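See below for the structure under consideration.
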2 protein chains.
Amino acid sequence: MDVSMMHNLTGFGFTAGVLPANCPSRTVLDHVTSKWGVLVLIALSQQSLRWGELRRTIEGISEKMLASTLRTLEADGLVLREAQPTIPPRVDYSLTPLGRELADRLLPLMGWIADNADEIVAGPQRAQ
Amino acid sequence: MDVSMMHNLTGFGFTAGVLPANCPSRTVLDHVTSKWGVLVLIALSQQSLRWGELRRTIEGISEKMLASTLRTLEADGLVLREAQPTIPPRVDYSLTPLGRELADRLLPLMGWIADNADEIVAGPQRAQ
DNA sequence: CAGTATCCCCCCGGATACTG
DNA sequence: CAGTATCCGGGGGGATACTG
């Protein structure tokens, strides 16, 4: 599996119309690019985290959305949930091997965004 | 040491909390991961396209959302809009250099999603 | 052809309260 | 601590009609 083919769309089978509607890829894309999906995956890419740590790490996320996002990503097999049957409960979240593969593609993207965000939001003219 | 540092978040400057809320990176992330942002950028990564071509290429997008998405991406300096003053009008959309840099990070992601979507939506158990 | 304008609904997602 | 339950408002986003 060569990396060079990663940039050849033809090799991925969505030559004609980017992606057909109602196909699995669209579903996964929606999950990943959901409002908090990327940030959860990025957060877990560094280390496994507990619920409360995730909540504090991803600034601004609500409990509802954290739970919802984690459930979706877990159902997709991207995030692993490990609950200790202790009192008080302790639950650790981490990436599955599949999730790690995905995160490896997300990190360069996020890195680029972090690097260029200031220029982008400022606008081409004003940045100049 | 080439790609490996891409996996070190510290190198990108969002060590502490993934990304601060209300920061430029969040804004750009929201634009890119908007419902149609990724698909528009991917579509334009192969070739510049006219309005109607984009509409047909990105299956399922409405005129309203195509216009909205294009305006956002153009304002961000990621997409270039070139209108010919002819009748009937002809407008070409393409990626700016900045947009191309971004697309180069999006393509591996989309490729991976296309490759693994079937397994993901099927679920780990059933896929097994 | 390349878009606006308009109507309108769904549901995403936030806030708050509560529980094992 | 790690969530669920419930309420609720705004706006994301679809469908249709219209225009230069």
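Note that the structure is predicted; figures quoted are calculated from it, not measured. A, B, ... follow the sequence lines: proteins, then strands. Residue 1 opens every chain.
- Although no hydrogens or angles enter the test, the distance criterion places no donor-acceptor pair under 3.5 Å between the side chain of B:S68 and the main chain of B:M65.
- Summary of the strand contacts: A:P89 and A:E63 both lie near DNA chain D, and taking for each the nucleotide with the nearest heavy atom, the more 5' one is attributed to A:P89.
- Residue A:Y93 places at least one side-chain N or O closer than 4.0 Å to OP1 or OP2 of D:dG3.
- B:T96 contributes a side-chain N or O that, together with a main-chain N or O of B:G77, makes up a donor-acceptor pair within less than 3.5 Å.
- Checking C:dG13, C:dT4, D:dG3 against every side-chain atom of A:V91, the shortest atom distance belongs to D:dG3.
- For C:dT4, neither phosphate oxygen OP1 nor OP2 lies less than 4.0 angstrom from any side-chain nitrogen or oxygen of B:W51.
- A sub-4.0 Å separation between OP1 or OP2 of D:dT4 and a side-chain N or O of A:R71 is present.
- Nearest heavy atom pair, residue B:L19 against residue A:E59, reads O-CB, 4.2 Å.
- Nucleotide D:dT19 forms a pair with C:dA2, judged by Watson-Crick or G-U wobble geometry with both contacts under 3.5 Å.
- Proximity note for B:K64 (side chain, C-beta onward) versus C:dA15, C:dT6, C:dT4: the nearest is C:dT6.
- The shortest distance between the side-chain N/O atoms of B:R50 and the OP1/OP2 oxygens of C:dC1 is not below 4.0 Å.
- Looking only at distances, no side-chain donor or acceptor of B:T72 sits under 3.5 Å from a matching main-chain atom of B:H31.
- No hydrogens or angles were tested; on distance alone, nothing pairs the side chain of B:K35 with the base of D:dG13 as donor and acceptor under 3.5 Å.
- Of the candidate nucleotides D:dG14, C:dG14, C:dA2, C:dG14 has the atom nearest to the side chain of A:W36.
- Between A:R81 and the phosphate of D:dG3, there is a side-chain N or O to OP1/OP2 separation shorter than 4.0 Å.
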